[in-house]
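Below is one structure, written out as structure tokens, with a few remarks after it.
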Amino acid sequence: MKNIAVFASGSGSNFQAILDAVNEGSLQANVKLLVCDRPGAYVIERAEQNSIPYFVFSAKDFPNKEAFELRILQELKNEDIEYLVLAGYMRLVSLTLLAEYTGHIVNIHPSLLPSFPGKDAIGQALEAQANKSGVTIHFVDEGMDTGPIIAQQTIEIDYNETRKSLQDKIQNIEHQLYPVILQKLLTCQ
Ligand code: GAR
């Protein structure tokens, strides 16, 4: 089984979905570490409740991105991490991590990339009055949500869609799709 680290910045509902899939046996992976860049984020409580070790940092405590990514790298090496699973990690990953893990870093994004990359993809879709959106899982490169796409799932946006209803629809898909795709990825390589 592959050793994975999940990276998250917020509530961690995708992290929870991954843990649930591991616990029920549909995802075969060792979730050995949570990396979080927001002290106080709810995802940390989820790690505690599930006895998953975590590394939490504040970017402002480091001189630059290279410095905190080197620190993260040390944590990843300590746990023999083979795959990085970004699940609501709201930072670009730079060469410090990519040099070690290219092809082994995946991200989930709440739109049909290349549409609506970056922050607030759900708000962007509503603002654009798009009639569909969805979820993308992709490999991570240096760009903003630009890496090769692994899987996508489309949803219709209704005429009376609200931010909350669209977010709920998207997250429901995310929670099902991410564990399924991770299982394929982690067991075929
Ligand atoms: C998820 O919807 C994920 O797709 C999105 O953040 C949310 C995190 O929710 N990621 C991005 O927007 C990345 N650009 P969660 O903390 O409840 O899993």
Side-chain angles (χ1 to χ4, degrees), residues 4-23 27 29 31 33-50 52 54-57 59 65 69 72 83-94 97-98 101 105-128 130 132-157 161-183 185:
I4 70 172
V6 177
F7 284 52
S9 304
S11 145
S13 66
N14 280 283
F15 175 58
Q16 187 68 57
I18 289 166
L19 294 178
D20 292 347
V22 167
N23 288 335
L27 172 56
V31 184
L33 186 68
L34 168 75
V35 175
C36 177
D37 65 332
R38 298 248 172 96
Y42 184 60
V43 70
I44 300 163
E45 267 182 53
R46 296 188 196 264
E48 277 174 356
Q49 283 159 12
N50 289 275
I52 306 290
Y54 52 87
F55 171 63
V56 182
F57 69 97
K65 179 174 277 200
E69 285 200 349
I72 292 172
Y83 269 85
L84 314 189
V85 174
L86 311 192
Y89 181 66
M90 297 312 218
R91 283 180 188 279
L92 286 181
V93 170
S94 83
L97 287 175
L98 278 166
Y101 284 101
I105 312 181
V106 290
N107 182 42
I108 190 160
H109 184 78
S111 76
L112 291 178
L113 290 171
S115 296
F116 313 128
K119 286 197 177 137
D120 193 19
I122 291 173
Q124 291 184 54
L126 290 171
E127 179 72 20
K132 62 179 180 149
S133 188
V135 172
T136 302
I137 294 168
H138 64 97
F139 288 110
V140 171
D141 64 11
E142 274 181 280
M144 171 85 80
D145 302 318
T146 50
I149 290 172
I150 303 167
Q152 290 188 305
Q153 195 165 320
T154 303
I155 51 151
E156 304 293 319
I157 301 180
E161 202 80 68
T162 63
R163 171 178 281 272
K164 166 93 174 70
S165 65
L166 184 54
Q167 181 169 329
D168 287 350
K169 273 188 194 172
I170 283 184
Q171 289 222 318
N172 273 337
I173 290 174
E174 289 187 335
H175 299 161
Q176 289 166 34
L177 192 63
Y178 215 6
V180 169
I181 298 301
L182 287 172
Q183 170 67 4
L185 197 69

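Only this structure's heavy atoms are used, side chains among them; waters, hydrogens and symmetry mates stay out. Order of listing sets the numbers, starting from 1, for every ligand and every atom in it.
The protein heavy-atom contact nearest to atom 3 (C) of ligand 1 is Glu174 OE2, 3.5 Å. Protein heavy atom nearest atom 7 (C) of ligand 1, with residue, atom name and distance: Gln171 NE2, 3.8 Å. Of all protein heavy atoms, the one lying nearest to atom 17 (O) of ligand 1 is Ser13 OG, 2.5 Å. Shortest contact from atom 5 (C) of ligand 1 to any protein heavy atom: Pro110 CD, 3.7 Å. The nearest heavy-atom contact from the protein to atom 6 (O) of ligand 1 is Gly88 CA, 3.6 Å.
Ligand 1 has no nitrogen or oxygen under 3.5 angstrom from a nitrogen or oxygen of Gly10. In terms of polar-atom proximity, defined here as any N/O pair under 3.5 Å, Tyr89 makes no such contact with ligand 1.
A salt bridge links Arg163 to Asp120: at least one charged side-chain nitrogen sits closer than 4.0 Å to a carboxylate oxygen.
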Do any side-chain atoms of residues 34-43 form donor-acceptor pairs under 3.5 angstrom with protein atoms, and if so which ones, sequence neighbours left out?
unit_1: Asp37; atom_1: OD1; unit_2: Ser9; atom_2: OG; d: 2.8
unit_1: Asp37; atom_1: OD2; unit_2: Arg91; atom_2: NE; d: 2.7

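Between Gln124 and Ser115 the shortest side-chain heavy-atom distance does not fall below 4.5 Å.
For ligand 1, the atoms sitting less than 4.0 Å from at least one non-hydrogen atom of Ser11 are 16 (O), 17 (O), numbered in the order shown with element in parentheses. Numbered from 1 in the order shown, with element, the atoms of ligand 1 that lie under 4.0 Å from a heavy atom of His109 read 4 (O), 13 (C), 14 (N).
Not a single heavy atom of Ala121 sits under 4.0 Å from any atom of ligand 1. Distances shorter than 4.0 angstrom occur between a heavy atom of Gly12 and an atom of ligand 1.
Contacts between Gln167 and ligand 1 below 4.0 angstrom, taking non-hydrogen atoms only, are absent altogether.
With sequence neighbours left out, Asn107 forms a side-chain hydrogen bond (donor to acceptor under 3.5 Å, both in side chains) with His138, Asp145.
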